[in-house]
Number of protein chains: 2
Amino acid sequence: MNEQQPSLAVSTVIFALRPDPVTGAATVWIPVVRRIREPYLGKWALPGGPLTMNESLASAASRTLEETTGLAPQFLEQLYAFGSVDRSPELRVVSIVYWALVQSVTADAVRDDENVTWLSTDDLPELAFDHNLIVDYALWRLRTKMEYSRIAQAFLGEDFTLAQLREVHEAVLQKPLDPANFRRMIEATKSIVATDRHVTGTRHRPARLYRYDTSLELADSGPLATHV
Amino acid sequence: MNEQQPSLAVSTVIFALRPDPVTGAATVWIPVVRRIREPYLGKWALPGGPLTMNESLASAASRTLEETTGLAPQFLEQLYAFGSVDRSPELRVVSIVYWALVQSVTADAVRDDENVTWLSTDDLPELAFDHNLIVDYALWRLRTKMEYSRIAQAFLGEDFTLAQLREVHEAVLQKPLDPANFRRMIEATKSIVATDRHVTGTRHRPARLYRYDTSLELADSGPLATHV
DNA sequence: ACAAAAGTGTTTTGTTTACACCCATGA
DNA sequence: TCATGGGTGTAAACAAAACACTTTTGT
């Protein structure tokens with residue numbers, strides 16, 4: 001009864017912060033997987049796969065993310081559905097793309113091998129399909145969303161110092177931030193709670209450790225807030 | 001070779017401003033179509049239809065929008081992809097939903113009949129599928145986006161007064177705005193240009209007519225700006 | 001004591017809000 | 001000339017940015 005339909009895939013842009021190999025400064029990286037068939041055989045591509053009948057879109061994103069990188073995201077949100085007719089040669093594929101943030105510690109657990117690697121978003125090669133456009137758009141969303149939400153915390157562990165949180169913002173926004181004003185800005189959002197512990201072993205005044213207030217959402221997604 | 005896949009549909013939430021039948025104040029309305037088959041037979045639903053092989057997502061949204069209402073939108077943007085496994089009984093359907101703004105004048109051209117009607121978003125009945133959630137989310141996007149972009153102009157014709165533009169904002173945000181501050185706020189965005197003409201026939205000082213600067217986009221969609 | 005980053009205080013600048021007041025028209 | 005909304009001016013309140021300065025640690 002149905003005409004032939006485009007096939008449906010789910011992909012995910014996964015962001016983590018890692019040190020720049022040259023400068024050592026924190027920068028934004030993504031994991032990619034190698035194409036093991038045509039088209040774009042051998043090229044790097046975003047992790048993803050076809051959508052199966054019994055899983056929701058977000059579940060599919062989580063699953064393919066876990067399968068290819070072993071990671072579980074701190075933050076996962078739908079990015080956009082890409083459906084140009086010519087985005088894949090031969091086949092017609094509509095990709096529903098999610099974007100995710102993972103902690104740098106867990107990101108380090110992902111072993112680079114022949115078929116999976118991390119790439120710096122500062123210096124991306126040509127990816128398969130329209131994945132360069134997708135990553136550009138995901139980066140744009142990451143940067144705009146960082147300015148009005150609390151997603152930066154998804155890059156960090158349970159406890160963190162304000163300097164670490166500021167480093168996240170600086171890495172994503174690619175500009176230095178005044179420590180004093182940053183502190184007040186974050187305190188004004190009331191999104192973090194101070195612990196009574198401090199980091200030790202630095203050769204200067206020890207910084208207080210904070211943790212995020214888990215009773216608050218990382219981002220306001222309106223009526224979709226409690227959805228899967 | 002492929003497993004069975006969810007089917008793909010495109011739907012659109014179309015907003016227009018129309019006078020409230022009681023108060024006469026401008027309010028937000030959407031057109032809906034009647035379900036002519038199960039499931040949800042007889043219920044109102046968002047205009048939409050299956051995605052065909054040779055059209056992009058936005059084209060499909062425009063097409064179904066035109067087919068069901070005869071309208072052409074001033075503004076069209078992707079809203080979200082809805083894909084819960086249980087959002088349609090029996091069938092598994094993933095809906096990529098767009099939202100659109102149309103001018104009130106063109107909206108009036110749509111004849112209500114047995115199978116198409118306009119509903120006030122202030123007082124929606126129970127719609128088919130998860131369409132109430134979809135409309136809620138579209139309304140949320142409309143309201144948040146109106147505060148930081150120039151989409152309000154898509155509700156109006158070529159020429160308009162600042163009072164008309166303010167009326168759009170007030171209808172969407174559902175709160176009164178100071179005319180003096182509103183004027184300065186709009187002028188600061190530089191998104192409109194003054195004409196040398198004024199409205200006549202009012203029993204007070206005639207208001208200047210403005211038009212929007214067509215060299216600017218209505219909204220910043222980042223790297224997706226020039227896409228179809 | 002000194003270097004270095006944590007953390008506080010203060011001044012300046014800019015933006016938003018509230019509201020008083022003048023202007024131009026129809027009746 | 002009066003009522004009505006169009007349009008301008010201005011001061012208060014608030015928020016953001018810039019930067020001097022004090023605190024607390026390791027060496």
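- For A:R205 against D:dT23, a side-chain-to-base donor-acceptor contact under 3.5 Å is present.
- Rounding to whole angstrom units, CZ of residue A:F182 and C1' of C:dT8 are separated by 17 Å.
- D:dT8 atom P lies 14 Å from atom CG of B:D178, rounded to whole Å.
- For the pair B:E187 CD and D:dG9 P, the computed distance is 11 Å after rounding to whole Å.
- By the 4.5 Å heavy-atom criterion applied to side chains, B:M146 and B:I151 are counted as neighbours.
- Using a 4.5 Å heavy-atom cutoff, the side chains of B:L224 and A:L133 are in contact.
- A:W140 and A:Y137 have parallel rings, their planes meeting at less than 30° on a 0 to 90° scale where 60° marks the start of perpendicular.
- Following rounding to the nearest Å, A:H198 (NE2) and D:dT25 (P) show an atom-to-atom distance of 8 Å.
- Proximity note for B:H204 (side chain, C-beta onward) versus D:dA18, C:dG9, D:dG6: the nearest is D:dG6.
- One finds no salt bridge joining A:R143 and A:E147 here, because no Lys/Arg side-chain nitrogen approaches an Asp/Glu carboxylate oxygen to under 4.0 Å.
- Under the 4.5 Å side-chain criterion, counting only non-hydrogen atoms from C-beta, B:Q164 is not in contact with B:V168.
- The side chain of B:R183 places an N or O atom within less than 4.0 Å of a non-bridging phosphate oxygen (OP1 or OP2) of D:dG7.
- Here the C1' atom of nucleotide C:dC19 and the CG atom of B:L177 are 16 Å apart, to the nearest Å.
- Counting atom types as modelled, B:R184 pairs a side-chain N or O with a base atom of D:dG9 as donor and acceptor under 3.5 Å.
- In summary, the side chains of A:S191 and A:Q153 do present a donor paired with an acceptor at a separation below 3.5 Å, with no hydrogens or angles considered.
- Residues A:F129 and A:I134 have side chains not in contact (no heavy-atom distance under 4.5 Å, counting atoms from C-beta outward).
- At the heavy-atom level, B:R208 lies under 4.0 Å from the strands shown only through sugar-phosphate atoms.
- Nearer the 5' end of DNA chain C, as judged by each residue's closest nucleotide, is the contact made by A:A180, out of A:A180 and B:R203.
- In the region residues 160-175 of chain B, proximity to DNA chain D at under 4.0 angstrom, judged on heavy atoms, holds for B:A163, B:R166.
- Contact annotation for B:T202: backbone-only contact, meaning every heavy-atom pair under 4.0 Å involves sugar-phosphate atoms and none involves a base.
- Spacing between atom CG of A:N181 and atom C1' of C:dT8 amounts to 12 Å, rounded to whole angstrom units.
- For the pair A:L209 CG and C:dA6 C1', the computed distance is 13 Å after rounding to whole Å.
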